[in-house]
Amino acid sequence: MVVLVAKPTIEQHQIPLIKSPKQSTFLSIIPIIDLSDPVSASTSMVKACSEYGFFKVTSHGIPMELINKLEAEAVKFFSLPQIEKERLGQPNPFGYGNKKIGANGDVGWLEYLLLDITSKSKNKSFISSFLSEPSSTSFCAALNEYIAAMRRLARQVLELLADGLGIKQRDIFSKLVMNEESDSVFRVNHYPPYPLLQGFNCSLTGFGEHTDPQVISVLRSNNTAGLQIALRDGSWVSVPPDQESFFINVGDSLQVLTNGRFRSVKHRVLANGMRSRLSMIYFGGPAPKQRLAPLQQLMEEGEQSLYKEFTWFEYKASAYKSRLADNRLAQFEKQKQLVSDGKTLINHQ
């Protein structure tokens, strides 16, 4: 089912409707990791990444003042008149976007900022094109401070994961996203309310189902629900919001590095009928030339690699050509030869 949603321009988008889940489908067993206990945290993280590819972290040490500061700046930005936000045109791929996600036909009930955080100067220039002083400076200051905190948190989580896997080189994962050439991005999503659907037991698709291609994603949202993750059996469960904690997603790259031990979580966001949802996501990615393949330190004797070796640039280029719901890793999976009754069979893993 789809619904036609009018924009300020003559363009219209068909945004899918999704049946609203029952309250009981909220994931009550979501893994919650207390970072104040590193030994317990590392073990629990590995289990969570294997089962769900997703968990929540508490005791992260990031001040709520810092978080609230950036959220307030983002709210101020999204409150600008639509014509001002759209005057730079469509994102390519960075910039401001409204309903259209990527270049391949995906749409959702949201507006967003997508920023290349490898260059502070570019972000300053971009934000200055929308906001006059002193708003531009305060937004950039809050953004840079928040991103620095996200980098530290991502490094902490990735090093704890290495500990939990028994890898002596603690920075085996974190060095991929902490490198000066690391290809990391930052996204701020705003899902406006849509009260016309109240009472219809359905929600607009805010952001369609997908996995994140990077190594790790660190998400924080306000207290409006909407995030859902898919379990191994294909069922969808809602994640209770928690504005004081952070949610960690395993990305496709980390799934490859662990040869499938860690699961890249499929997730989506449903737009709320009455309340606005604001989420801020840090995506930690490797450098473009970084080669990705299962780590030998994790391969057991006789274990075969499930994936071909590829560079992050190659994978990102492929991802940009795909739809959100596509299995982007499929074309990078190896074929396994099985011998049955004297015949060789080719089986995709």
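Tyr96 and Glu111 are linked by a side-chain donor-acceptor pair at a separation below 3.5 angstrom, with hydrogens and angles left out of the test. Under the 3.5 Å distance criterion, with hydrogens and angles disregarded, a donor-acceptor pair is assigned to the side chains of Glu86 and Asn98. Side-chain contact annotation: Glu73 with Ser138, donor-acceptor N/O pair under 3.5 Å present. Of the N and O atoms on the side chains of Thr224 and Asn272, not one donor lies less than 3.5 Å from an acceptor on the other residue.
Residue pairs meeting the ring-ring contact (aromatic ring centres under 6.0 Å, His included) criterion with at least one partner in residues 204-228, sequence neighbours excluded, are Phe207-His210, His210-His267. Pairs engaging residues 239-263 under the ring-ring contact (aromatic ring centres under 6.0 Å, His included) rule: Phe54-Phe247, His60-Phe246 [sequence neighbours left out]. Within the structure, ring-ring contact (aromatic ring centres under 6.0 Å, His included) contacts touching residues 286-307 (residues at least two apart or in different chains) do not occur.
Listed for the Ser184 side chain is a donor-acceptor partner under 3.5 Å among the backbone atoms of Gly285. Between the Glu314 side chain and the Thr311 main chain, a donor and an acceptor come within less than 3.5 Å of each other. Between the side chain of Asp116 and the backbone N or O of Thr118, at least one donor-acceptor pair lies under 3.5 Å. The backbone N or O of Leu298 sits less than 3.5 Å from a side-chain atom of Arg261, completing a donor-acceptor pair. A donor-acceptor contact shorter than 3.5 Å is absent between the side chain of Arg277 and the backbone of Asn222.
Remark: Glu180 engages no residue in a side chain to side chain contact (heavy atoms under 4.5 Å, CB included) (not counting sequence neighbours). With sequence neighbours excluded, the residues forming a side chain to side chain contact (heavy atoms under 4.5 Å, CB included) with Gln156 are Leu35, Leu153, Leu160, listed by chain and number. Applying the ring pair (Phe, Tyr, Trp, His ring centres under 6.0 Å) test to Phe310 and every residue at least two apart in sequence or in another chain returns Tyr315, Phe332.
Using a 4.5 Å heavy-atom threshold, the side chains of Asn179 and Gln290 count as separate. In this structure, the side chains of Lys175 and Gln169 come closer than 4.5 Å at one or more pairs of heavy atoms. Counting heavy atoms from C-beta on, the side chains of Val237 and Ile229 come closer than 4.5 Å. No side-chain heavy atom of Phe55 sits under 4.5 Å from any side-chain heavy atom of Ser44. Annotation: side chain of Pro294 is in contact with side chain of Val256 (closest heavy-atom distance under 4.5 Å). Residues Ser40 and Asp34 are not in side-chain contact: their nearest non-hydrogen atoms beyond the backbone lie 4.5 Å or more apart. Val265 has its side chain out of reach of Tyr52: every pair of non-hydrogen atoms, C-beta onward, lies at least 4.5 Å apart. Using a 4.5 Å heavy-atom cutoff, the side chains of Val157 and Met45 are in contact.
When all heavy atoms are compared, the tightest approach of Ser217 to Ile281 is CB-CG2, 4.2 Å. Closest of all the heavy-atom pairs between Ala271 and Trp109 is CB-CD1, 3.6 Å. The two atoms that bring Val39 and Ser42 nearest to each other are O-OG, 2.9 Å, heavy atoms only. Shown here for Tyr320 and Pro93, the closest heavy-atom pair between the two residues is OH-CG, 3.8 Å. Heavy-atom minimum distance, Ser264 versus Gln255: N-OE1, 2.8 Å. Nearest heavy atom pair, residue Thr58 against residue Ser245, reads CG2-OG, 3.6 Å.
No option in Phe78, Phe77, Tyr112 other than Phe78 meets the ring pair (Phe, Tyr, Trp, His ring centres under 6.0 Å) test with His190. Residue Phe186 is tested with Tyr146, Tyr282, Phe283 for a ring pair (Phe, Tyr, Trp, His ring centres under 6.0 Å); the sole match is Tyr146. The side-chain hydrogen bond (donor to acceptor under 3.5 Å, both in side chains) test with Asn259 is passed by exactly one of Glu300, Glu303, Gln304: Glu303.
Within 6.0 Å of the CD atom in Glu65, the count of heavy atoms belonging to other residues, nucleotides or ligands does not exceed 12.
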CA sep, side-chain torsions, deciding dist, call: Asp171, Glu159, side chain to side chain contact (heavy atoms under 4.5 Å, CB included): CA-CA 6 Å; Asp171 69 347; Glu159 290 181 354; 4.2 Å; yes
Residue pair Glu181, Lys289: steps toward the salt bridge (Lys or Arg N to Asp or Glu O under 4.0 Å) verdict: CA-CA 9 Å; Glu181 297 181 359; Lys289 295 181 180 179; over 6 Å; no
Evaluation steps, side chain to side chain contact (heavy atoms under 4.5 Å, CB included), between Asp183 and Phe313: CA-CA 9 Å; Asp183 184 22; Phe313 177 84; over 6 Å; no
Step-by-step side chain to side chain contact (heavy atoms under 4.5 Å, CB included) determination, Leu70 to Leu143: CA-CA 6 Å; Leu70 181 57; Leu143 178 68; 4.3 Å; yes
Stepwise side chain to side chain contact (heavy atoms under 4.5 Å, CB included) test for Gln14 and Val107: CA-CA 7 Å; Gln14 289 186 326; Val107 293; 5.6 Å; no
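With values rounded to the nearest 0.5 angstrom, Glu244 atom CD is found 9.0 Å from Asn68 atom CG. Atom CD1 of Ile216 sits about 6.5 Å away from atom CG of Leu161, to the nearest 0.5 Å. Going from atom SG of Cys49 over to atom CZ of Arg263 covers 11.0 Å, rounded to the nearest 0.5 Å. Atom CD in Gln331 sits 8.5 Å away from atom OG in Ser322 (nearest 0.5 Å). Distance check: Asn189 CG to Leu278 CG gives 8.0 Å after rounding to the nearest 0.5 Å. In this structure, CD1 in Ile248 is found 8.5 Å from CG in Leu158, a value given to the nearest 0.5 Å.
No single ILVMFWY cluster, assembled from side-chain heavy atoms under 4.5 Å apart, contains both Met299 and Ile172. Val218 and Met64 fall within the same hydrophobic cluster, defined by Ile, Leu, Val, Met, Phe, Trp and Tyr side-chain heavy atoms under 4.5 Å apart, directly or through other members.
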